[in-house]
Amino acid sequence: MTDLAHPDRIAKVTRLREQGIDPYPARGIQGTPAAELSAGAGTPDEPGPLLGQSVTVTGRLLGMRDFGKLIFAPVQDLSGRVQTGWQRDSLTDWWPQRKNYDGGDIVAVTGELGHTQKGEPTVWATKVTMLSKAVAPPPEKWHGLTDTEQRYRRRYVDLWATPEVTQVFIKRSKILSVIRTYLEGEGYLEVETPTLHPLMGGAAAKPFITHHNALDMDLFLRIAPELYLKRLIVGGLERVFEFARNFRNEGLSTRHNPEFTMLELYEAQADYHRMIELTEGMISLACTAVNGDNKATFREVEYDFTPPFKRASYLELFKEHAGCEYDDQAAVHAKAKELGISDTGEYPKLMNDVFEACVEDTLTGPIFVMDYPVEICPLAKAKPEDPRVAERFEIFVAGMELGNAFSELNDPEEQERRFVDQVASKDPESPGAVDYDYVNALEYGMPPAGGFGLGIDRLVMVLTGQDSIRDVLLFPAMRPQTQAAIETTPEEAGV
RNA sequence: GGGCGCGUAGCUCAGUCGGUAGAGCAAUUGGCUUUUAACCAAUAGGUCCUAGGUUCGAUCCCUAGCGCGCUCACCA
């Protein structure tokens, strides 16, 4: 037992057992959702279809009020709450053990559905069954859990103590479901690719490194599924998508969690224009699924996701906000200095840093930023009409990058050259070795293809109006709380 | 990693201009058959985040650390 278990409640567990009652019975009891009972009872003036029927409700006891010979005991389940009324005269045999029941306990209550004098739908109990005794007391009934640390650490309490939290995660599930259904309707195949990668690639980020004992080799937790999914396009699967959990060994913020979910999809014979169509389609559907229409309010600003979204050219945005041409190195260096951006010696990175500093905050969105300089797009195909830029877009909402797409590079020679350049780069986030197996895949011929990656967590933030990525992750990354957890090394844990 | 803020009962919070702490809810006991933040009375519950320092005395002041939040940096 931890010190959260209350001695009085532990004593009640013993008392229940002494009375021959199992406080943790093996079988559950199926009931009717609380919300259905509330609705089904109607009002005293307009009785609902369930009024007067014998019903059962199963859930957590919260907010009990004891009047001596009558106890009002609301029961909460996933659907909501319904009040139950326990009367001594209807529960004669059971009555003496009522004191073994506390707020937080999981119970089943059976009885006739009726109303109180004030018209509150109420299950008038003829039977009360303990399904699980809570030895830890619930949070304070009015304020609930407000300490964000406690909410994230003890989500198993937060979810029922803060009902809005549950709604966010129900919406997250709906968003995933709608996107999946949409893509399947477009002929896409959902696939799963490795999470343990022998080489890092498909994005630029610091990786987590782990070790496989039997193979005696280091492996990277994937930072992106991109190169595997494109291998499947070479393999002829034509349209594939994956809800990929990616891992990046970088800082935490309201927009960053070390593991996050990215939807990536690839479509043969498509280009980035087709990716725009899919992006607009899935985001609009997802928004409607959770908000009823194409509007979502995020950080006190309303966004409209009715297609088509705005488009703007990277080069033009650069000129407009940075005040110089993207390839005017002297001017860009001057601008970088003015903004206090450190120069790593890589001009394309510096140029893009200037773009991000000058432009990103202005991208209220939803907006597609189109046609990025080819130097910062190692996996994208150059635009035939203007080889200075790659056929790539990023979609922004609230100044936040939500997704990234391009017409995929499928020239093996060009790909190999760009990989070699990356490896030679001083950037510590560049891959350490060329992925020759991927080059080899391209040598077999990858059809022209469009690809797209969408940050699911950020999309959920925007669509559900949550300011922090932690509020859309059930268990956001936190430092371990207990000293024991900190001091237990992997070896001690038997790993 | 930098800056700012916070850390007191199971929960939500007061408070002590330095003399080892209180309220409400939760819990326990008693009362109450129509409440819905029920009510009334009583009881119990605290390493005041940790470790040093200053002091006759530290929960309070100082230093360091730990944890959390916000923010900046980082972030294809």
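In what follows, chains carry the letters A, B, and so on, assigned in the order in which the sequence lines appear, proteins first and then strands, with residues in each chain numbered from 1.
Candidate nucleotides B/U36, B/C68, B/A76 were compared by shortest atom distance to the side chain of A/T116, and B/U36 ranks first. For A/K206, counting side-chain heavy atoms from C-beta on, the closest listed nucleotide (B/U34, B/C74, B/C70) is B/C74. The side chain of A/E401 has B/A76 as its nearest neighbour among B/A76, B/C68, B/G30. Of the candidate nucleotides B/C70, B/U34, B/U36, B/C70 has the atom nearest to the side chain of A/T254. When distances run from any side-chain atom of A/L70 to the nucleotides B/A27, B/U33, B/A76, the shortest one goes to B/U33. Ranking B/U34, B/A76, B/C70 by closeness to the A/R392 side chain, first place goes to B/A76. Ranking B/G30, B/U34, B/C68 by closeness to the A/R153 side chain, first place goes to B/C68.
Sorted by first and then second residue, the pairs that involve residues 64-75 of chain A and meet side-chain hydrogen bond (donor to acceptor under 3.5 Å, both in side chains), not counting sequence neighbours, are A/R65-A/Q83.
Across all strands shown, B/A27 is found opposite B/U43 as a Watson-Crick or G-U wobble partner, with both distances under 3.5 Å. When both pairing distances are held under 3.5 Å, B/A58 makes no Watson-Crick or G-U pair with any nucleotide shown. B/U20 is unpaired under the criterion used here, namely a Watson-Crick or G-U wobble arrangement in which both key atom distances are under 3.5 Å. Across all strands shown, B/G5 is found opposite B/C68 as a Watson-Crick or G-U wobble partner, with both distances under 3.5 Å. When both pairing distances are held under 3.5 Å, B/U63 makes a Watson-Crick or G-U pair with B/A51.
Remark: A/R155 fails to qualify as a cation-pi partner of A/F475 under the 6.0 Å distance and 45° angle criteria applied to the six-membered ring. A cation-pi arrangement is absent between A/R98 and A/Y101 under the rule of less than 6.0 angstrom and at most 45 degrees off the ring axis.
Between the NZ atom of A/K99 and the P atom of B/U29 there is a distance of 6 Å, rounded to whole Å. For the pair A/R248 CZ and B/A76 P, the computed distance is 7 Å after rounding to whole Å. At whole-Å resolution of the value, CG in A/L402 and C1' in B/A76 are 15 Å apart. Atom OH of A/Y272 and atom P of B/A76 are 21 Å apart (whole Å). Atom CZ of A/R418 and atom C1' of B/A76 are 14 Å apart (whole Å). Rounded to whole angstrom, the span from the CZ atom of A/F67 across to the C1' atom of B/C40 amounts to 12 Å. Nucleotide B/C74 holds its C1' atom 11 Å from the CD atom of A/E356, rounded to whole Å. Here the C1' atom of nucleotide B/A76 and the CE atom of A/M351 are 12 Å apart, to the nearest Å.
For A/K141 and B/A26, the shortest distance from a side-chain N or O to OP1 or OP2 is below 4.0 Å.
Ring centroid separation for the pair A/F355 and A/Y326 does not come in under the 6.0 Å cut-off.
Rounded to the nearest Å, the gap between the P atom of B/U8 and that of B/C60 is 14 Å. Using atom C1' as the reference point in both B/A27 and B/U12, the two lie 16 Å apart (nearest Å). Across B/U54 and B/U63, the matching C1' atoms stand 11 Å from one another, rounded to whole Å. Across B/G19 and B/C25, the matching C1' atoms stand 31 Å from one another, rounded to whole Å.
Side chains of A/S468 and A/T254: a donor-acceptor N/O pair is absent below 3.5 angstrom, by distance only.
At the heavy-atom level, A/N352 lies nowhere under 4.0 Å from the strands shown. In this structure, A/Q83 reaches the bases: a heavy-atom distance under 4.0 Å links it to at least one base atom across the strands shown.
Under the side chain to side chain donor-acceptor pair (under 3.5 Å) criterion, A/S79 pairs with A/D77, not counting sequence neighbours. Here A/K381 pairs with A/N410 under the side chain to side chain donor-acceptor pair (under 3.5 Å) rule; sequence neighbours left out. Legend: residues meeting side chain to side chain donor-acceptor pair (under 3.5 Å) with A/R9, ordered by chain and number and at least two apart, are absent. Residues forming a ring pair (Phe, Tyr, Trp, His ring centres under 6.0 Å) with A/F318 (at least two apart in sequence, or on another chain): none. With sequence neighbours excluded, no residue satisfies salt bridge (Lys or Arg N to Asp or Glu O under 4.0 Å) with A/D271. Judged as a side chain to side chain donor-acceptor pair (under 3.5 Å), and not counting sequence neighbours, the contacts of A/H333 are A/D343. Here A/V13 pairs with A/R17, A/P23, A/Y24, A/K133, A/V135 under the side chain to side chain contact (heavy atoms under 4.5 Å, CB included) rule; sequence neighbours left out.
Contacts between residues 33-41 of chain A and RNA chain B, counted as heavy-atom distances below 4.0 Å, involve no residue at all. At a non-hydrogen distance threshold of 4.0 Å, A/R65 from residues 54-65 of chain A come into contact with RNA chain B.
No donor-acceptor pair under 3.5 Å is formed between the side chain of A/S38 and the backbone N or O of A/V82.
We find that A/K319 and A/E316 are not joined by a salt bridge, their nearest charged nitrogen and carboxylate oxygen being 4.0 Å or further apart.
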Checklist entry - Taking it one step at a time, do A/E356 and A/N352 satisfy side-chain hydrogen bond (donor to acceptor under 3.5 Å, both in side chains)? => result CA-CA 6 Å; A/E356 289 178 2; A/N352 197 44; 3.3 Å; yes
Checklist outcome for this item: Heavy-atom contacts, protein to nucleotides 10-15 of chain B, under 4.0 Å, summarised as B (base), S (sugar-phosphate only) or - (none) per nt, yield SBSS--
Atom pairs, N/O to N/O, protein against nucleotides 43-49 of chain B, distance under 3.5 Å?
none

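For the pair A/R255 and A/Q117, both in contact range of RNA chain B, the more 5′-proximal nearest nucleotide belongs to A/Q117. Mapping A/W124 and A/Y152 onto RNA chain B via the closest heavy atom, the residue that lands nearer the 5' end is A/W124.
Contact detail for A/A204 and A/I223: the closest heavy-atom pair is N-CD1, 4.5 Å.
Annotation for A/Q53: atom CD counts as buried by contact number, over 12 foreign heavy atoms lying within 6.0 Å.
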